[in-house]
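Ligands are counted one by one from 1 in listed order, and the atoms in each one are counted from 1 as well.
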Amino acid sequence: MTSDLTSSLWHRTCQENPVSSVLTGEVTVDLVVIGGGYTGCSAALKAAEIGASVCLVEAEVFGHGGSGRNVGLVNAGLWLPPEDINDRLGTEAGNSLSQALGQAPDLVYGLIERHGIACEPVRNGTLHCAHAPSGLPDLQRRANQLQAIGAPVQLLDAAQAQARVGSAAVHGALFDPRAGTIQPLGFARGLARAALTAGAQLYDQSPATAIQRSNGSWHVITPKGSIRAKHLVIATNGYARAMTGYEAPAIVPVHYFQGATAPLTPAQQALILPGLEGCWDSALVMSSWRMDQQGRLVIGAMGALDHFASGIHQNWLTRKLAAVFPSLAGTKLESQWFGRIAMTREYLPKIEKLDGGYVSFGYSGRGIGPGTLFGQQIAEALITGDESLLPLPASTGHSLSFAGLRGAYYETGATLTHLVKDRI
Ligand SMILES: Cc1cc2nc3c(=O)[nH]c(=O)nc-3n(C[C@H](O)[C@H](O)[C@H](O)COP(=O)(O)OP(=O)(O)OC[C@H]3O[C@@H](n4cnc5c(N)ncnc54)[C@H](O)[C@@H]3O)c2cc1C
């Protein structure tokens, strides 16, 4: 299986189809954005809303990258809990980021409502589930840290968690009522539509092939056109294509794949995730499960589906489905797809400062809220010249040694774990 977006459930069920065309000729704008996922589309929308002229170019289709392939969990923070963020960023910057991201679901669901985005929004919270009793101390630690900054999270015991999930395979859970689920590709394409409606120019099938900076302005070249702009946002994250004149910051590529059942019967839906929370577990090689609007169970785990060991991952996912939901043993997973998560060594997103621009990347598997927020704030910071609007301090250089090797380490680890037949 290739990394083609069309194999995904989200592609099959997407209700948002923004008008798109290829960039031809030369355009001059205030802001040029490269990349049409959450970060780029959100930046374009914000820039247009505050009166700037903006042009976004996407190499493939809007939502081609992580934004069209993810699990759709709209979290109220990062993978790291607040104290761990503070250890890496310092207390002031860490607290400010955690507070901002705590409100990111409000931003996402607010945009969905304001722009009428068709993306199956459900805001019933998420459950970080203990896969075994050994997972409970980490959930307790996360609960303590989140409650200390005022987050309304709640630790559920085994019986409560089992009733919410509809599974005896969970041993407790951390419930976050601020969070929820969406149809991820629908949200990305809805943001693109909203940006177009607000007056932004968006072009797909228009890869930036080269960028240049001269005389205080940017020149971005595509195969059939070019853009001149004062400001630049690079929002290509884990799907960055080569551009002459620019070297994308290194990330650790971690792959994650998913499959979806056919719509479950009403009787099954009454037992499995009856409250429609989105879930993931505390296992070292984690997995996730959630429902879509038609009552399909979408289950996922770490791994890529484009190499010789894909079958190992796929077989393991079928076993995981049966272990968590025994009544679904043997149920076929109809769509299967995977995507590339852009991790950083610190598990924190980064904003890299350029002369007259920013690169935003490395959401480390938590990009729906953060990407949407970062895109907005970066656009506003550039256009107003007020860098204090940035959600975290910008860095001037990023390096990550042996990034490819680290990615291979994650993939090998997932493959070996999935190879062990009784390890679920
Ligand atoms: C499988 C998976 C599951 C995930 N689950 C979750 C989740 O449940 N919750 C959550 O919050 N986050 C999740 N994430 C992370 C989240 O999807 C990403 O952090 C987020 O989508 C990043 O958005 P983005 O706009 O920065 O980048 P992307 O969505 O990756 O967009 C980058 C875009 O740039 C384009 N591009 C690249 N190079 C060029 C170029 N030269 N010219 C023009 N365009 C270019 C690409 O084609 C792509 O469309 C998951 C990620 C994956 C892969």
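- Note on ring orientation: taking the six-membered ring where Trp is involved, the planes of Trp289 and Phe325 are perpendicular (angle over 60°, cut-offs 30° and 60°).
- Looking only at heavy atoms of the protein, atom 8 (O) of ligand 1 is closest to Leu73 N, 3.1 Å.
- The protein heavy-atom contact nearest to atom 37 (C) of ligand 1 is Tyr239 O, 3.0 Å.
- Counted by atom type alone, Glu387 and Tyr358 present one or more donor-acceptor pairs between their side chains at under 3.5 Å.
- Residues forming a side chain to side chain donor-acceptor pair (under 3.5 Å) with Ser20 (at least two apart in sequence, or on another chain): Asp204.
- By the criterion of a heavy-atom distance under 4.0 Å, both the backbone and the side chain of Ser67 are placed next to ligand 1.
- Taking all heavy atoms of Gly369, Ala208, Ser360 into account, the minimum distance to atom 41 (N) of ligand 1 is reached by Ala208.
- For Arg366 and Trp280, the positive end sits near the middle of the six-membered ring, less than 6.0 Å away and at most 45° from its axis.
- Looking only at heavy atoms of the protein, atom 38 (N) of ligand 1 is closest to Arg241 N, 3.0 Å.
- In Arg69, the part holding a heavy atom less than 4.0 Å from any atom of ligand 1 is the backbone.
- Here Arg193 contributes atom CZ and His115 contributes atom NE2; the two are 8.5 Å apart, rounded to the nearest 0.5 Å.
- Numbered from 1 in the order shown, with element, the atoms of ligand 1 that lie under 4.0 Å from a heavy atom of Ile34 read 40 (C), 42 (N), 43 (C).
- Taking only non-hydrogen atoms, the option from Ser8, Gly35, Gly66 nearest to atom 34 (O) of ligand 1 is Gly35.
- Looking at atom 50 (C) of ligand 1, its nearest protein heavy atom turns out to be Asn70 CB, 3.2 Å.
- Under 4.0 Å from ligand 1, heavy atoms of Thr39 appear from its side chain as well as its backbone.
- Residue-to-ligand polar distances place Val71 within reach of ligand 1: an N/O pair is separated by less than 3.5 Å.
- Remark: ligand 1 atoms within the under-4.0 Å shell around heavy atoms of Met243 are 41 (N).
- Remark: minimum distance from atom 52 (C) of ligand 1 to any protein heavy atom is reached at Ile341 CG1, 3.4 Å.
- Counting heavy atoms under 4.0 Å from ligand 1, residue Tyr38 touches it through both backbone and side chain.
- For the residue pair Gln99 and Asn95, no side-chain donor N or O sits within less than 3.5 Å of a side-chain acceptor on the partner.
- Classification of the Trp79-His128 ring pair by plane angle, with boundaries at 30° and 60°, yields tilted.
- Looking from atom 48 (C) of ligand 1 to the surrounding protein, the closest heavy atom is Glu58 OE1, 3.5 Å.
- Heavy atoms of Ala235 found under 4.0 angstrom from ligand 1 belong exclusively to the backbone.
- In this view, Phe62 satisfies the ring pair (Phe, Tyr, Trp, His ring centres under 6.0 Å) rule with no residue, not counting sequence neighbours.
- Under the 4.0 Å criterion applied to side-chain N and carboxylate O atoms, Asp84 and Arg142 are not assigned as salt-bridge partners.
- Annotation: atom 43 (C) of ligand 1 to nearest protein heavy atom, Ala59 N, 3.2 Å.
- When Thr126, Thr236, Leu5 are checked for heavy-atom proximity to atom 39 (C) of ligand 1, Thr236 turns out nearest.
- Proximity of His255 to ligand 1, defined as any heavy-atom pair under 4.0 Å, is not found for any part of the residue.
- With hydrogens left out, the protein atom closest to atom 13 (C) of ligand 1 is Gly365 O, 3.1 Å, a heavy atom.
- Proximity of the aromatic rings of Tyr363 and Phe374 is defined here by a centroid distance below 6.0 angstrom, and this criterion is met.
- Of the heavy atoms in Val57, only backbone atoms (N, CA, C, O) come closer than 4.0 Å to ligand 1.
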